Amino acid sequence: MANVRLVNLTKQYKRGAEVIHALDDVTLDIEKGEFVAVVGRSGSGKTTMLDLMGLLLRPTSGSLFIDDIDTSKLGDRQLAQMRARRVGFVFQEYNLLSGLNVLENVMLPLRYVKDGRKRGAPRAVELIERVGLSDRVRHRPTELSGGQAQRVAIARSMVNSPSLILLDEPTGAVDTETAQQLVDLLKRLNQEDRVTIVIVTHDLDIAGQASRQIRLKDGRVLTDERVGAAGAGSLGVPVA
Ligand SMILES: Nc1ncnc2c1ncn2[C@@H]1O[C@H](COP(=O)(O)OP(=O)(O)O)[C@@H](O)[C@H]1O
Ligand SMILES: [Mg+2]
């Protein structure tokens with residue numbers, strides 16, 4: 001069973017008389033537990049593809065399946081439910097709420113699922129520990145470094161135990177060393193929880209550490225390469 005399945009997935013925008021093919025007839029499967037990097041120039045359709053997979057956008061045509069569920073058959077409420085339960089998001093700008101502390105930020109997505117707060121509080125605390133911020137639980141976002149803020153965003157994205165985490169340029173605002181630490185954290189979460197990770201990145205160093213690289217151009221898949229077992233240190237390959 002594929003975690004995510006895109007079938008002839010297309011998203012078009014109209015700008016005056018012009019039609020922009022932001023995503024153009026893309027068909028591919030992402031299996032549970034994969035660590036996928038999406039690369040390509042600015043404007044190639046990376047964010048569009050990610051937002052479609054995260055149910056933030058409706059496609060113009062084609063189908064998107066999440067865990068074998070055809071999302072085109074879902075109404076707005078069901079889509080919102082599915083997004084809350086099965087998908088986690090991380091953006092370049094962290095998007096933390098400045099009026100809430102670290103714990104409250106991580107617990108935020110629990111509001112959108114039934115009995116979330118009751119069941120989720122221990123999970124939030126555990127995740128904060130796993131991202132290495134146990135000593136920052138009561139801190140506000142303004143008191144954190146960029147790397148720490150992004151760790152909070154990663155913990156938040158996982159609090160409802162989604163099957164899929166989508167990250168759009170998550171290391172775009174931090175230095176190289178911090179970026180690598182974030183990637184190391186993602187690798188750990190990917191291996192320990194078997195959560196599927198799809199990361200959009202400009203950084204070829206980071207993309208090279210994924211188990212699969214999808215390169216977009218003009219809304220189409222230019223290349224789609226899985227790294228073989230020979231790729232030392234590659235992800236998505238069972239570790240002994
Ligand atoms: N809301 C929108 N309205 C019109 N055009 C859009 C919109 N969002 C994206 N586009 C266009 O779709 C194409 C793909 O954009 P995007 O998915 O953001 O690319 P990337 O993330 O790779 O930079 C670009 O040409 C962009 O200008
Ligand atoms: Mg983008």
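Computed from a prediction, not measured in an experiment: that's the story for all the values here. The analysis underlying the following values was restricted to heavy atoms, covering all of them including side chains, and did not include hydrogens, waters or symmetry mates. Order of listing sets the numbers, starting from 1, for every ligand and every atom in it.
Other residues, nucleotides and ligands contribute over 12 non-hydrogen atoms within 6.0 Å of the CZ atom of Arg83. Heavy-atom contacts from other residues, nucleotides or ligands closer than 6.0 Å to NZ of Lys32 number more than 12. Around CD of Glu126, the count of heavy atoms belonging to other residues, nucleotides or ligands within 6.0 Å exceeds 12.
For ligand 1, the atoms sitting less than 4.0 Å from at least one non-hydrogen atom of Arg15 are 4 (C), 5 (N), 27 (O), numbered in the order shown with element in parentheses.
Residues His139 and Asn101 have side chains not in contact (no heavy-atom distance under 4.5 Å, counting atoms from C-beta outward).
Ligand 1 is never approached by Gly40 to a heavy-atom distance shorter than 4.0 Å.
In Arg41, the part holding a heavy atom less than 4.0 Å from any atom of ligand 1 is the backbone.
Residues Asp135 and Gly132 approach most closely at OD1-O, 4.2 Å, considering heavy atoms.
Residue Ser42 does not count as close to the Mg ion (ligand 2), with no N, O or S atom under 2.8 Å.
Between Ala22 and ligand 1, no pair of N/O atoms sits closer than 3.5 Å. Distances between N or O atoms of Ile20 and those of ligand 1 include no value under 3.5 Å.
Regarding atom 1 (N) of ligand 1, its nearest protein heavy-atom neighbour is Tyr13 CE2, 3.5 Å.
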